[in-house]
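The chains referred to below are lettered A, B, ... by the order of the sequence lines, with proteins before strands, and numbering in each begins at 1.
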Amino acid sequence: MSEEATKQDNGEETAASQSQHFIKEIINGDLEEGRYELVHTRFPPEPNGYLHIGHAKSICLNFGLAEDYKGQCNLRFDDTNPSKEEQEYVDSIIEDVHWLGFDWEDRLFYASDYFDTLYEYAVRLIEKGLAYVCDLSAEETREHRGTLTEPGKNSPFRERSIEENLDLFTRMKAGEFPDGTRTLKAKVDMTHPNLNMRDPVMYRILHAEHHRTGDKWCIYPMYDFTHGQSDSIEGITHSICTLEFEDHRPLYNWYIEKLGIYAPRQIEFARLNLSFTVTSKRRLLELVTEGRVSGWDDPRMPTISGIRRRGYTPESIRAFSARIGVAKRDSMVDMALLEHYVREDLNRRAPRYLAVLNPLKVVITNYPEGQSEMLEAVNNPEDPDAGTREIPFSKTLYIERDDFMEDPPRKFFRLAPGREVRLRYAYFIKCDEVVKDENGEIVELRCSYDPETRGGHAPDGRKVKATIHWVSADHAVDAEVRLYDRLFSVENPLAEEGDWHSYLNPKSLEIRENCKLEPALAGHDKGFFCQFERLGYFCIDPDSSEGKAVFNRTATLRDPWKNIQKRQK
RNA sequence: UGCCCCGUGGUCUAAUGGCAAGACGGCUGACUCUGGAUCAGUUUAUCGAGGUUCGAAUCCUUGCGGGGCAGCCA
């Protein structure tokens, strides 16, 4: 295949999946120039926490690029700091990437796989006079580094002989020295304007148990001395990372060049920021450890496991990732966009049911006592193949409290005294009487139905302004429903004054214990999702048990009435 | 203030020297047995100043604004 043809093919793939972002332009250029022959990327998380929606963007980018260019993408754990990393995190990351729908085949790697090679590389730099063992303490090292505006000064240990360095480094590895007493540093330039180039630490002493290598090592390579070489070893062509590593690129290239090994290209893009939440492992970890949420997979969390439990689909996450694009400018994507993509996906696929989350009892006064009948309902108006089902109707029903107002404002179309509405798939009913308790609380509505309107059609052609959902009291299934809202009540809690914790949305979780569901909603397992008509999309939570269903609200439906109410206030 | 990066509607992204486009959100209307969905319409943008050019969001200079970097974290 000619170069021209290859390029054309890639162009077509591109149009189908992602937009033509700057990384693809760089890749196309590299391919044209013959710098690389095929595209090989990698997703390199540190197993020190759960993955979040920001990682999803990176995963979709890296694996998506591999798909687009018919290349490959590795999964690699950047596990060079045993004090923060755990097997639990490794397991969750593997599950999350799979769930998103990506496959690394047999290319699951760990930076710790390369510890021996990395050690050899370090020795090679010492032998070239490009690395030295430094006895400065952490604090002294900081003092020698200089500041943003002043140059640093050389370490007194900088000119040690190669033999001494080799000896000391060997003894570091052998465990002769306590933590923090020595480091191996690269000999670059203490006056370099880029602080990363001022004799960066390559190895530190850390007598810690590593989740994979156990106690084999007591010295561990730093990120900068690991990442590029790992990319090189795996034959990565394009090493894509976030913006904060931009200043590390010169060092990335320096190690590769001095080592004389294969050179990948590092490209940086802007990490995802999402409104009404935080996307930083550190802060998410805080929310978990401080008990602000129930765990990493709390459905309010922007973690992949939280989003999954919330009921988001991998398809919607991928569509979202493709749409937000890839660029270098800092941005804050609107949470509404993510919500849009779940709704779009679920609208197409979710079967509809009737469920009442805040029940108000309705008695149909002219319906015969003890009688019931089955009414036909459409399962999914978006999908003709989804068929129909039957719903029981009887004299006593529940409707949503929000669907009745004793003194309705303008533009409220639902039930009110003397007003007629349609019960979805059932009959027209009219509210004749409002029953209250001693506190003035409405406890029951007494309504009459029109038998001629069975199925929801009026033979005389008269119209009603609203159709509301309902459940037959005698046939209802009880359930707990958890209503989730945004985790924070402001767009960007980190940009607000004071502690970001104080902007946590106190109403981010509302538990409804006494929900009434139509019978067809009984007996579903984890993984089941549906739409409760007029309310939103819901899924079964893993907390469900044989006797008690627990549903999570994934997303509400679009709700113009809510906007009208806001404006009326 | 040393080095690096970035400034396009309310938000995100496109336009690669040649009509500033799309998506989300908002608004209006049509349709509707979900105030859903769908459809149609609409609203709002190139940070400023110079320069190069027939022509600049795009190239150059400069100012302003935002972000990142002084871990033996990644």
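Checking B:A14, B:C3, B:C73 against every side-chain atom of A:Met222, the shortest atom distance belongs to B:C73. Proximity note for A:Asn81 (side chain, C-beta onward) versus B:A74, B:C72, B:G35: the nearest is B:A74.
A distance cut-off of 5.5 Å between ring centres, combined with a plane angle under 30°, leaves A:Tyr223 outside any stacking arrangement with the base of B:A74.
Two residues, A:Glu491 and A:Glu150, neighbour RNA chain B, and the one matched to the more 5' nucleotide by heavy-atom proximity is A:Glu150. Place A:Ile205 and A:Phe22 on RNA chain B by their nearest nucleotides, and A:Phe22 ends up nearer the 5' end.
A donor-acceptor pair shorter than 3.5 Å cannot be found between the side chains of A:Glu390 and A:Tyr425. A donor-acceptor pair shorter than 3.5 Å can be found between the side chains of A:Tyr132 and A:Asp199.
Within the shown strands, nothing qualifies as a pairing partner of B:G55 under the Watson-Crick or G-U definition with both distances less than 3.5 Å. Figure legend. B:C72 is base-paired to no nucleotide; pairs are counted as Watson-Crick or G-U wobble with both atom distances under 3.5 Å. Across all strands shown, B:G65 pairs with B:C6; the Watson-Crick or G-U wobble distances both stay below 3.5 Å.
A distance of about 7 Å separates the P atoms of B:A45 and B:G10, rounded to the whole Å.
A donor-acceptor contact under 3.5 Å is formed by the side chain of A:Arg414 with the base of B:G35.
The aromatic rings of A:His210 and A:Tyr220 sit parallel to each other, their planes meeting at less than 30°, with 60° as the upper class boundary.
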